[in-house]
Engineer: 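Can you read through this structure? Questions will come right after.
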Amino acid sequence: MTDTVRVRFAPSPTGYLHVGGARTALFNWLFARRHKGVFILRIEDTDTQRSSEAMVQGILEGMHWLGLEHDEGPFFQSSFVEQHRATARRLVEEGKAYFDFTPKEATDDRTVKEKIADRFRARAEAGGDRNPYRDLPLEEAFARVEAGEPAAIRLKVPEEGSARFDDMVYGPQERDYSDIEDLVLIRSDGHPLYNLSVVVDDINMGITDVIRGQDHLTNTHKQVLLYEAMGVPVPRFAHLPLIIAPGKEKLSKRRHGEVVSVTTYRDRGFVPDAFVNFLALLGWSPGSDQEILSREELIEKFDLAGVNKAAAVFNFNESVQRDWTDPKALWFNSEYIKSMALDELVPMVSEQLKRAGLWREEYAGERSEWLARAVDLLRARYRTLVEFSEFGRPYFSDEFEYEPAAVQKNLKDERLRELLPGLADRLSSVGQFSHDAAEAALRGYAEERGVKAGLLINAARTAMTGQSVGPGLFDIMVILGRERTAERLRRAAGLVASNP
RNA sequence: GCCGCUAUGGUGUAAGUGGUUAACACGCCGCCCUCUCAAGGCGGAGAGUACGGGUUCGAGUCCCGUUAGCGGUACCA
């Protein structure tokens, strides 16, 4: 037990990195870091039909964005197929596996479930006899293979007794051998299959702890059988509860699309640490009330004993635009945005401004301090980075839209047509253009003209940002500066509604 | 069909070896603050622990059954 912990994340590149995969990767990474072990990335690309290079890139990108850097790899399973074949062949020679000459059945993946049911029924009618090739003499079997007859290789599962292993999350697991079919190790076309490949690779990579989704729980018995057949020690296993869709439906890439893809969260303005924090608490708890946990705290507190057994609902809501994903994920993000170190936030916002075409070179130079102030002013009211370039646009550009509802609400009083330019003049004359000076000037002007300060304040906010909501007006004025303030106030006079 | 896993407010989770009115967070509602919206502060509604049986002085915690959801059962991964 003093051996170095070695874990791996082994996605198959048949799709983008989704939240379930990301959570599995995260837990492996946390476990490795917690135990000062090694985190390995292995791409299981043996399904050549469905795997693609683009998906490999997508997975790598997603992991990099999440900050889950691997210590070894990426290894590609496809480069180990010779070894997989050799292992299977050796098992045949040792009498632990056998050649099956039964002609391959055509499979169409769309109807597998029905096929399985059909097969079960047929088997029950036939009396459930076992494979006739199971006990074919070795010489005869090899002779037929030499002669070119296609054969799959299957593992000989014991006829009586049961397989068992102890799962670090789900506890002791037992399954009758009679419920396990002699699994195919190598297809008749020579292609190694999943259960064989993982086991061989995990052995080669010295994996000590296999941490993966619960969808592999029952198949683990087959893998344990394989370890035993090869005469090597069985690693520890930990299965993670699955992440499911609202309504406790299963998560489907097809149906739920990009809302479950990690890159969507990157593109829609999530802070990586916030998303990691959210993911960590989906199926795991530190056992305390603490919700906000830094990466370091996560590593320090991570423990498989705190992993929950029930599937966790990822509560996204595709139908509501501003609440497109799990509200708690959004809350974590806004929490990070408003309380993380400003000098970490500013580069993220800068990146967003670049993407939106709002970046100016001065922000990196003489205006860097101004940028930090602007970000600090806005951060408490935004939930994603993207909002800095959307709702935040008027702060970074002179070209922005006036929201009709805001204009309607705050620029409808006809007196404003004249008051706004008047206010601009008044503000131009204040000495130091500060928050307090601007406020004094505005309030004084309002009193002189016999209008409520609120009228001017709300009108000015809409005049300056096109919006009816936002930071305190005088903060807005200071951040935009005297010239822009005056200019926007004058410009907006033209928007004041003419007589209703 | 068969095998397995799971089941605490709408969601994520707490409640060491069974022991007072089931806790926290998100979300929701209200109040305060206030030039608006957030943020922040304060308060509230919302579960009697899927259902039904047991065991026990006592069960969210143990046992059995039912139901539901999910997973597996492939010459997919």
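Side chains included, hydrogens not; waters and symmetry mates left out as well; all remaining heavy atoms used. No experiment lies behind these values; they were computed from the predicted model shown. To find a chain, count down the sequence lines: A is the first, B the second, and so on, and within it residues start at 1.
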Engineer: With a 4.5 Å cut-off on side-chain heavy atoms, are Ser78(A) and Ile43(A) touching?
Structural biologist: no
Engineer: Distance-only, no hydrogens or angles: does the Tyr170(A) side chain make a donor-acceptor pair with backbone N or O of Lys309(A) under 3.5 Å?
Structural biologist: yes
Engineer: Contact class for Thr14(A) (heavy atom, under 4.0 Å): base, sugar-phosphate, or nothing?
Structural biologist: nothing
Engineer: Within 45 degrees of the axis of the six-membered ring of Phe270(A) and under 6.0 Å from its centre: does Arg268(A) put its NZ or CZ there?
Structural biologist: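 Relative to the ring axis of Phe270(A), which defines the angle, Arg268(A) lies outside at least one limit.
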Engineer: Measure from the side-chain heavy atoms of Val313(A) and tell me the nearest of U11(B), C75(B), A39(B).
Structural biologist: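 The nucleotide sitting nearest to the side chain is U11(B).
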Engineer: If each of Pro286(A) and Thr218(A) is mapped to the nucleotide of RNA chain B with the nearest heavy atom, which maps nearer the 5' terminus, i.e. the 5' end?
Structural biologist: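 Closest to the 5' end, via its nearest nucleotide, is Pro286(A).
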Engineer: Relative to each other, are the rings of Phe314(A) and Phe316(A) parallel, tilted or perpendicular (30° and 60° limits)?
Structural biologist: perpendicular
Engineer: Could you grab the distance from atom NE2 of His18(A) to atom CD1 of Ile59(A), nearest 0.5 Å is fine?
Structural biologist: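 Those atoms lie 8.5 Å apart.
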Engineer: Of the options C5(B), C75(B), A77(B), whose atoms approach the side-chain atoms of Lys104(A) most closely?
Structural biologist: C75(B)
Engineer: Taking all non-hydrogen atoms of both residues, which atom of Val260(A) and which atom of Tyr16(A) are closest, and how far apart?
Structural biologist: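 The pair with the smallest heavy-atom distance is CG2-OH, 3.7 Å.
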Engineer: Output yes when at least one side-chain N/O atom of Asn219(A) is less than 4.0 Å from OP1 or OP2 of U73(B), else no.
Structural biologist: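 Yes, such a contact exists.
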Engineer: Quantified in whole Å, what is the C1' atom distance between nucleotide G9(B) and nucleotide U73(B)?
Structural biologist: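 About 36 Å, rounded to a whole number of Å.
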Engineer: What does nucleotides 22-36 of chain B look like as a protein-contact string, B for base, S for sugar-phosphate only, - for none, at under 4.0 angstrom between heavy atoms?
Structural biologist: --SBSS-------BB
Engineer: Please tell me if the side chains of Tyr194(A) and His216(A) come closer than 4.5 Å, counting only heavy atoms from C-beta onward.
Structural biologist: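 Of all side-chain heavy-atom pairs linking His216(A) with Tyr194(A), at least one is under 4.5 Å.
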Engineer: When the P atoms of G1(B) and A59(B) are compared, how many Å lie between them, rounded to an integer?
Structural biologist: 36 Å
Engineer: Looking at every non-hydrogen atom in both residues, tell me the closest pair between Asp323(A) and Leu330(A) and how far apart they are.
Structural biologist: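 Taking every non-hydrogen atom into account, CA-CD2, 4.2 Å.
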Engineer: I want to verify a distance call: between A39(B), G71(B), U6(B), whose nearest atom is closest to the Lys250(A) side chain?
Structural biologist: G71(B)
Engineer: Over all strands shown, is Gly283(A) touching base, sugar-phosphate only, or nothing at heavy-atom distances under 4.0 angstrom?
Structural biologist: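 Since only primed, P, OP1 and OP2 atoms lie under 4.0 Å of Gly283(A), the category is sugar-phosphate.
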Engineer: In whole angstrom, give me the gap between the C1' atoms of U13(B) and U49(B).
Structural biologist: 14 Å
Engineer: Applying the 5.5 Å / 30° rule, does His216(A) stack onto the base of A77(B)?
Structural biologist: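 Here His216(A) meets both the 5.5 Å and the 30° conditions.
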Engineer: Under a 3.5 Å cut-off on both pairing distances, which runs of 3 or more consecutive Watson-Crick or G-U pairs involve RNA chain B?
Structural biologist: B:1-7 with B:67-73, B:10-13 with B:23-26, B:28-32 with B:40-44, B:50-54 with B:62-66
Engineer: In whole angstroms, how far is the P atom of A77(B) from the CZ atom of Phe76(A)?
Structural biologist: 17 Å
Engineer: Looking only at atom P, what distance separates A15(B) and A47(B), rounded to whole Å?
Structural biologist: 22 Å
Engineer: Would you measure the distance from the C1' atom in U56(B) across to the matching atom in G69(B) and give it in whole Å?
Structural biologist: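 Result for the C1' pair: 31 Å, nearest Å.
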Engineer: Is G71(B) syn or anti, taking syn as a glycosidic angle within 90° of 0?
Structural biologist: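 Because its glycosidic torsion lies more than 90° from 0, G71(B) adopts the anti conformation.
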Engineer: Determine: side-chain N/O of Thr46(A) to OP1/OP2 of A77(B), distance under 4.0 Å, yes or no.
Structural biologist: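 Indeed, a polar side-chain atom of Thr46(A) lies that close.
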Engineer: Roughly, in whole Å, what's the span from CD in Glu249(A) to P in A7(B)?
Structural biologist: 21 Å
Engineer: Between Lys222(A) and G72(B), is there a contact of a side-chain N or O with OP1 or OP2 at under 4.0 Å?
Structural biologist: no
Engineer: Does A38(B) have its OP1 or OP2 closer than 4.0 Å to a side-chain nitrogen or oxygen of Arg379(A)?
Structural biologist: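 The answer is no; no side-chain N or O of Arg379(A) sits under 4.0 Å from OP1 or OP2.
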Engineer: If the C1' atom of U61(B) is compared with that of A23(B), how far apart are they to the nearest Å?
Structural biologist: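 U61(B) and A23(B) have their C1' atoms separated by 16 Å.
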Engineer: Across the strands shown, which category fits Gly306(A) at heavy-atom distances under 4.0 angstrom: base, sugar-phosphate, nothing?
Structural biologist: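 Sugar-phosphate, backbone atoms only, no base.
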Engineer: Counting only side-chain heavy atoms from C-beta out, which of C3(B), G72(B), U6(B) sits nearest to Asp179(A)?
Structural biologist: C3(B)
Engineer: Any idea which of C70(B), G4(B), C76(B) is nearest the Gln173(A) side chain?
Structural biologist: G4(B)
Engineer: Can you find a heavy atom in the side chain of Arg134(A) that is under 4.5 Å from one in the side chain of Glu159(A)?
Structural biologist: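 A side-chain contact under 4.5 Å exists here.
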Engineer: Which one, A38(B), G71(B), G12(B), comes nearest to the side chain of Leu282(A)?
Structural biologist: G12(B)
Engineer: Between C76(B), U11(B), C5(B), which nucleotide has the shortest distance from any of its atoms to the side chain of Arg50(A)?
Structural biologist: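 Closest of the options to the side chain of Arg50(A): C76(B).
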Engineer: Name the nucleic acid region contacted by Gln467(A), choosing base, sugar-phosphate or nothing; use a 4.0 angstrom heavy-atom cut-off, strictly under.
Structural biologist: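 Here Gln467(A) touches no strand at all.
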Engineer: Which whole number of Å gives the distance between the P atom of G30(B) and that of A45(B)?
Structural biologist: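 Straight-line distance between the two P atoms is 15 Å.
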Engineer: Between CZ of Arg381(A) and CZ of Phe388(A), what distance do you get to the nearest 0.5 Å?
Structural biologist: 10.5 Å
Engineer: So Tyr170(A), base contact, sugar-phosphate only, or nothing? Heavy-atom distance under 4.0 Å.
Structural biologist: sugar-phosphate
Engineer: Would you verify whether the NZ or CZ of Arg144(A) falls within 45 degrees of the ring axis of Phe101(A) while also being under 6.0 Å from that six-membered ring's centre?
Structural biologist: yes
Engineer: Expressed in whole Å, how much space separates the C1' atoms belonging to U11(B) and C51(B)?
Structural biologist: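 U11(B) and C51(B) have their C1' atoms separated by 22 Å.
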Engineer: Between Asp167(A) (CG) and G4(B) (C1'), how many Å, whole number?
Structural biologist: 12 Å
Engineer: Does OP1 or OP2 of A14(B) have a side-chain N or O of Asn308(A) closer than 4.0 Å?
Structural biologist: yes
Engineer: Do the ring planes of Trp284(A) and Phe302(A) sit parallel (below 30°), tilted (30 to 60°) or perpendicular (above 60°)?
Structural biologist: tilted
